Amino acid sequence: MGALFSFVVVILLILLAYVGVAAVGMQSFFGIVIPYVAVLVFLVGVVYRVIKWGKSPVPFAITTTGGQQKSLEWIKQAKLDNPSSSTGVVGRMALEILLFRSLFRNTKSELRDGRLAYGSGKWLWLAAMAFHWSFLIVLLRHVRLFETPVPSFVNLLESLDGFLQIGAPRLFLTGVILLLAVTYLLLRRFYVRQVRYISLAADYFPLFLIIAVASTGILMRYFFKVDIVSVKELTMGLVSFNPTVPAGVGAIFYVHVFLVSTLFAYFPFSKLMHAGGIYLSPTRNLANDSRAVRHVNPWDYPVKVHTYDEYEDEFREKMIKAGIPVEHYPAPSPEELEKEFGDKDAGVPAGKEE
Amino acid sequence: MAKKTPKPEELSKVDYRRPRKGWMDIPVEFKEGMFCNGTRPGYLETVGMPNPRKWAPKDEDWKLPENWKEIVLNGMQERLEKYRSFRLFMDICVRCGACADKCQFYLGTGDPKNMPVLRAELMRSVYRRYFTTSGKIMGKYAGGRELTLDVLKEWWYYFYQCSECRRCSVFCPYGIDQAEITMIGREILNLLGLNTDWIAGPVANCYMNGNHLGLEPHTVKSNIEFMVDDIEEITGIKVEPTFNREGAEILFVAPSGDLFGDPGTFTAMGYMMLFHEIGLDYTWSTYASEGGNFGSFTSMEMGKRLNYKLYAEAKRLGVKWILGGECGHMWRVVNQYMDTWNGPADFLKVPVSPITGTRFENAASTKMVHIAEFTADLIKNGKLKLDPSRNDHLRVTFHDSCNPARGMGILDEPRYILKNVLNHFYEMPEETIREKTFCCGSGAGLNASENMELRMRGGFPRANAVKYVHQHHGVNMLANICAIDRAALPPLMNYWVPGVDVAGVHELVANAMVMKGEKERTQDLRLEDLPEKEGAENV
Ligand code: SF4
Ligand code: SF4
């Protein structure tokens, strides 16, 4: 249900933009207003979300330790999986963010004749890496549209990305990888039974949306061959806050822009915020040093406790009888004192240990 | 009486097929043997927790306050503001499923709601419905779900089928820790008096008497004196533990499980033999007679209330630092909570081993050292005379307990010790040890008896790995550094891998340790005959 719903929504979005531009002629709405609004929503939304997370404190040092702790000098610490210093934490976070360290651990369990076996489960890691990295490169390639002259790193990226030198315009590998990876991620939602069971509309929607974004981009570049000069005129207009709508840009371009805008606007309110959240994740971004350095809880408050005195009051007699030292020995009665010392003014009873 | 746990052959046929209905449409079903009893009112009254009354999980009516829904939602709100972890973990899960088959309770039951991600979704769906804009507007389409009594019951059932082991968190690309969500979930359930009897009882006991078992001071002492007698019988040496002694250098705190029932008592004997041999100036305390903390399975506040005794007692007795015994969740608490809760312990000194002079910089602030760290340092410095052949009748593997593994990282210290005190050590398969270790199935207060089927199922992956080394290497002893393990693993082994016994690391240390002036040993700490020496000279 979630999948179908999301699919239909994405189709509707495509139609909306297409009809809006091709039939109604709302080029400036889809080419100017929508992108501006989307970027604004994105920025405000992300800042809002991050501030909201930041406002909740981290009362306890709850690092998930993924290796040997730092203890005795001669025991080798897993400095990245169980960091005890900020350098270690930076390393751990870098591994997580750039290389998806934890996902790399993934295994696949199987039950055969009452035995559990754990196989390698690296496909998810591979697809996730392929997806995120190619997405990033594709995004960076787009900088070409927003800066004149085109920055040299973009040219470099493009020459690497197009090193196969096939087709005209040259085929960019990342676009293809992106589409393949995201398709894999979608298919596993259908075919891996556990993943299928947990998937919500909110999981299918971004996948369909990104597939649509990538497809329209590819269509535009290789098949419809939109006029890149006019496109750049529009995009430059946007970044220089002097927007124009040049003639002769095909509807497919507006569809692409509309889908990208939707993605941007949707981002802060969805699970896509994992991209920002990972930086703040307390099980990953804290050093496991809470025995060496005190971690302070900002909302700590005094609690009701059972003090030693209360404990001793309850068990004093039993403790004395068992020969366990106590703080306060009961005052002996005058008769007892007389019996023991023949003098009721005698001091400390026997048995009190210092 | 709980129903009989099915045979292993039956239990190991786990059905992982996807149910036809969506999980939100499958109401919770309380299956016999899979849940603990509800707490009796007395326990809650002792510690002043809300809504004490008689109730049972299977009852239709849980006798909740009229405004229970408000209490739950406010409880969530409050914790969203107090814990970044909670807010973040509610927000950023992408449902990639990497954690799905990492939970021993899922692997052992096949119940999709035991997948960590779905366990979280039980609460996340309510979060979406009441705390996000999209959920408030789009409800079900945004993955939202009304908070109903059935949903609450579902939380209860599944938050008490999670042992807060953090295995899922190791595999999650964002470190989402279902243990954290379970802890917060249980904390919220406790606002309505919905603890289990097996957790609330030890909490009340520990609060009043100083330990989970409720041992009164004289019983703590007499239990230990029993062990002293056994030690004398085995070694001819009379060790002389002291209690509540002011001016001792070190306060020693163990899980109370080690004072009651074997094989925990063998571990406690091991501690005392070690301390005697090195001449350690230490004292037990009958007041701080529990390192474990069932409060931490209840709420952060309860955890803090119980943990208070450790520092308070250290201060009263004027010791220099604290040494802690072999216990799992105790060490999660010591490593990650104690100093924050009840510190700073500025009245104590940075721990220094009086025998080797090693300064434990890693414990510079909490001033509490793990006995495995302490003993590893002794061995490294050659302070112990060891005869590993005394453990030759044992073929040993080591079970990393969840909390020390994933909430601390004490992995190589116990291994180093073991390899020095015995000759036959074998690791279980790589995916099942160290940070990837499986839970015994009974952690976080699940080690009751009425939920035995759950425990056997949850312990299935662990047992499976033990079975592997049992069959391949003839392993017959499962060593560990956790009191719950010592209580929970024996029945688990009996059920899945008969022929494998369970021991604390310090029992094996004491077996091998040649004490000054001891008589020739013919028995191990279990008073069982040592294997015949083969004429050859002993070290
Ligand atoms: S691994 Fe993490 S992100 Fe993936 S489903 Fe589990 S909790 Fe969610
Ligand atoms: S913390 Fe452990 S028991 Fe709980 S869901 Fe995660 S893996 Fe399962």
Side-chain angles (χ1 to χ4, degrees), chain A residues 53 56 58 60-62 64-72 75 82 100 102-103 105-107 109 111 114-116 118 193-195 197-203 269 271 273-274 277-278 280-284 288 290-295 297 299 303 305-306 308 311 315 318-319 322 324-325, chain B residues 12 14 18 81-85 87-88 92 94-95 97-98 100-101 107 112 115 117-118 141 143 166 169-171 173-175 177 207 216-218 221 243-244 286-287 301 304-305 308 316 335-337 339-340 343-344 362-366 373 377 406 408-412 431 435 461 464:
Chain A
W53 287 336
S56 300
V58 180
F60 303 107
I62 56 164
T64 303
T65 57
Q68 172 60 39
Q69 65 165 353
K70 176 176 187 235
S71 66
L72 299 160
I75 290 182
N82 190 347
F100 304 173
S102 292
L103 207 53
R105 289 195 183 97
N106 195 30
T107 54
S109 56
L111 183 66
R115 267 168 199 277
L116 280 166
Y118 311 93
R193 59 174 172 242
Q194 292 111 341
V195 186
Y197 200 60
I198 58 180
S199 293
L200 301 171
D203 301 311
F269 308 102
K271 67 167 195 176
M273 274 305 283
H274 67 267
I278 172 131
L280 295 181
S281 181
T283 58
R284 289 290 186 272
N288 177 32
S290 36
R291 260 197 304 158
V293 185
R294 180 163 186 255
H295 182 96
N297 173 2
W299 50 257
V303 295
V305 295
H306 193 65
Y308 174 79
Y311 171 86
F315 293 115
K318 290 174 173 168
M319 291 170 79
I324 299 169
Chain B
S12 63
V14 185
R18 184 167 56 88
E81 282 160 19
K82 276 180 160 178
Y83 296 90
R84 184 175 305 163
S85 52
R87 173 146 256 156
L88 206 68
I92 64 172
V94 298
R95 285 165 296 278
D101 61 350
L107 291 173
M115 295 191 275
V117 46
L118 218 48
Y141 284 90
R166 314 187 94 198
S169 170
V170 166
F171 290 91
Y174 320 118
D177 182 10
Y207 190 69
E216 298 190 350
H218 53 289
K221 189 173 180 221
F243 300 86
N244 301 13
T286 60
Y287 169 63
E301 180 175 310
K304 178 176 171 177
R305 289 173 69 186
Y308 156 85
R316 182 181 78 88
N335 190 48
Q336 303 199 317
Y337 295 107
D339 203 358
T340 304
N362 63 328
S365 182
T366 48
E373 296 167 342
D377 174 62
R406 290 182 282 258
M408 181 176 186
I410 184 162
L411 308 173
D412 285 325
E431 300 84 3
E435 74 277 2
N464 223 262

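Throughout, protein chains are lettered first and strands after them, A, B, ... in sequence-line order, and every chain is numbered starting at 1. Quantities reported herein were computed from a predicted structural model and do not represent experimental measurements.
- Of the two parts of B:D377, the backbone and the side chain both hold a non-hydrogen atom closer than 4.5 Å to a non-hydrogen atom of chain A.
- Taking CE of A:M319 as the start and OH of B:Y287 as the end, the distance is 11.0 Å to the nearest 0.5 Å.
- Proximity to chain B involves both the backbone and the side chain of A:N106, based on heavy atoms less than 4.5 angstrom apart.
- For A:R284, the part lying near chain B is the side chain, with the backbone staying farther off; criterion is any non-hydrogen pair under 4.5 Å.
- Rounding to the nearest 0.5 Å gives a distance of 5.5 Å between CG of A:L116 and CG of B:L107.
- A:S56 contributes no side-chain N or O that, together with a main-chain N or O of B:Y83, makes up a donor-acceptor pair within less than 3.5 Å.
- A donor-acceptor pair under 3.5 Å is absent between the side-chain atoms of A:R291 and the main chain of B:S365, judged by distance alone.
- Proximity to chain B is absent for every atom of A:F100, based on heavy atoms less than 4.5 angstrom apart.
- At distances below 3.5 Å, not a single donor-acceptor pair connects side-chain atoms of B:R406 with backbone N or O atoms of A:T64.
- When the candidates A:Q194, A:H295, A:Q69, A:R115 are compared by the number of heavy-atom contacts under 4.5 Å with chain B, A:Q69 comes out ahead.
- Using cut-offs of 30° and 60° for the angle between ring planes, the A:H306 and B:Y207 rings count as tilted.
- Of all the listed residues (A:Y197, A:Y118, A:F315, A:F60), the one sharing the greatest number of non-hydrogen pairs under 4.5 Å with chain B is A:Y197.
- Among B:S85, B:G97, B:P344, the residue making the largest number of heavy-atom pairs under 4.5 Å with chain A is B:P344.
- When all heavy atoms are compared, the tightest approach of B:P173 to A:S102 is CA-CB, 4.0 Å.
- Of the residues considered (A:V58, A:V305, A:N82), A:V305 shows the highest number of contacts with chain B, using heavy-atom pairs under 4.5 Å.
- Only the side chain of A:W299 comes within contact range of chain B, with at least one heavy atom under 4.5 Å from a heavy atom of that chain.
- In this structure, the portion of A:K70 lying under 4.5 Å from any heavy atom of chain B is its backbone and not its side chain.
- One finds the CG atom of B:L88 at 5.5 Å from the OG atom of A:S281 (value rounded to the nearest 0.5 Å).
- Heavy atoms closer than 4.5 Å to chain A are found in the side chain of B:V117, but not in its backbone.
- Heavy atoms closer than 4.5 Å to chain A are found in both the backbone and the side chain of B:M408.
- In terms of heavy-atom proximity, B:Y174 sits nearest to A:I278 at CD2-CD1, 3.8 Å.
- Per-residue counts of heavy-atom pairs under 4.5 Å with chain A were compared for B:A364, B:G175, B:P461; the largest is that of B:G175.
- With a threshold of 4.5 angstrom between heavy atoms, A:I75 approaches chain B through side-chain atoms but not through N, CA, C or O.
- Side-chain atoms of B:D177 and A:T283 include no donor-acceptor pair closer than 3.5 Å.
- Proximity to chain A (any heavy atom under 4.5 Å) is restricted, for B:K221, to the side chain, taken from C-beta onward.
- For A:S71 against B:E373, the heavy-atom pair with the smallest separation is CB-OE2, 3.9 Å.
- The CZ atom of B:R95 sits 4.5 Å away from atom CG of A:L200, with the distance rounded to the nearest 0.5 Å.
- Looking only at distances, a side-chain donor or acceptor of B:N464 sits under 3.5 Å from a matching main-chain atom of A:G114.
- Residues passing the side chain to side chain donor-acceptor pair (under 3.5 Å) test with A:T107, sequence neighbours excluded: none.
- Among A:V195, A:L103, A:I198, the residue making the largest number of heavy-atom pairs under 4.5 Å with chain B is A:I198.
- Interface residue B:A363: backbone and side-chain heavy atoms are both found under 4.5 Å from chain A.
- With a 4.5 Å cut-off on non-hydrogen atoms, A:N297 touches chain B through its backbone and its side chain both.
- Residues passing the salt bridge (charged side-chain N to carboxylate O under 4.0 Å, His left out) test with B:E301, sequence neighbours excluded: none.
- Heavy atoms of A:V293 lying under 4.5 Å from chain B belong exclusively to its backbone.
- The residue among A:R105, A:R193, A:Q68 with the most heavy atom pairs within less than 4.5 Å of chain B is A:Q68.
- Residue contact with chain A, scored on non-hydrogen atoms closer than 4.5 Å, involves the backbone and the side chain of B:F171 alike.
- If you take OG1 on B:T340 and CZ on A:R294, they are separated by 6.0 Å, rounding to the nearest 0.5 Å.
- Summarising the geometry of B:H218 relative to A:A322, their closest heavy-atom pair is CB-CB, 3.6 Å, with the distance given to 0.1 Å.
- Atom CG in A:N288 sits 5.0 Å away from atom CG in B:N335 (nearest 0.5 Å).
- With a threshold of 4.5 angstrom between heavy atoms, B:E431 approaches chain A through side-chain atoms but not through N, CA, C or O.
- Counting heavy atoms from C-beta on, the side chains of A:L280 and B:R87 never come closer than 4.5 Å.
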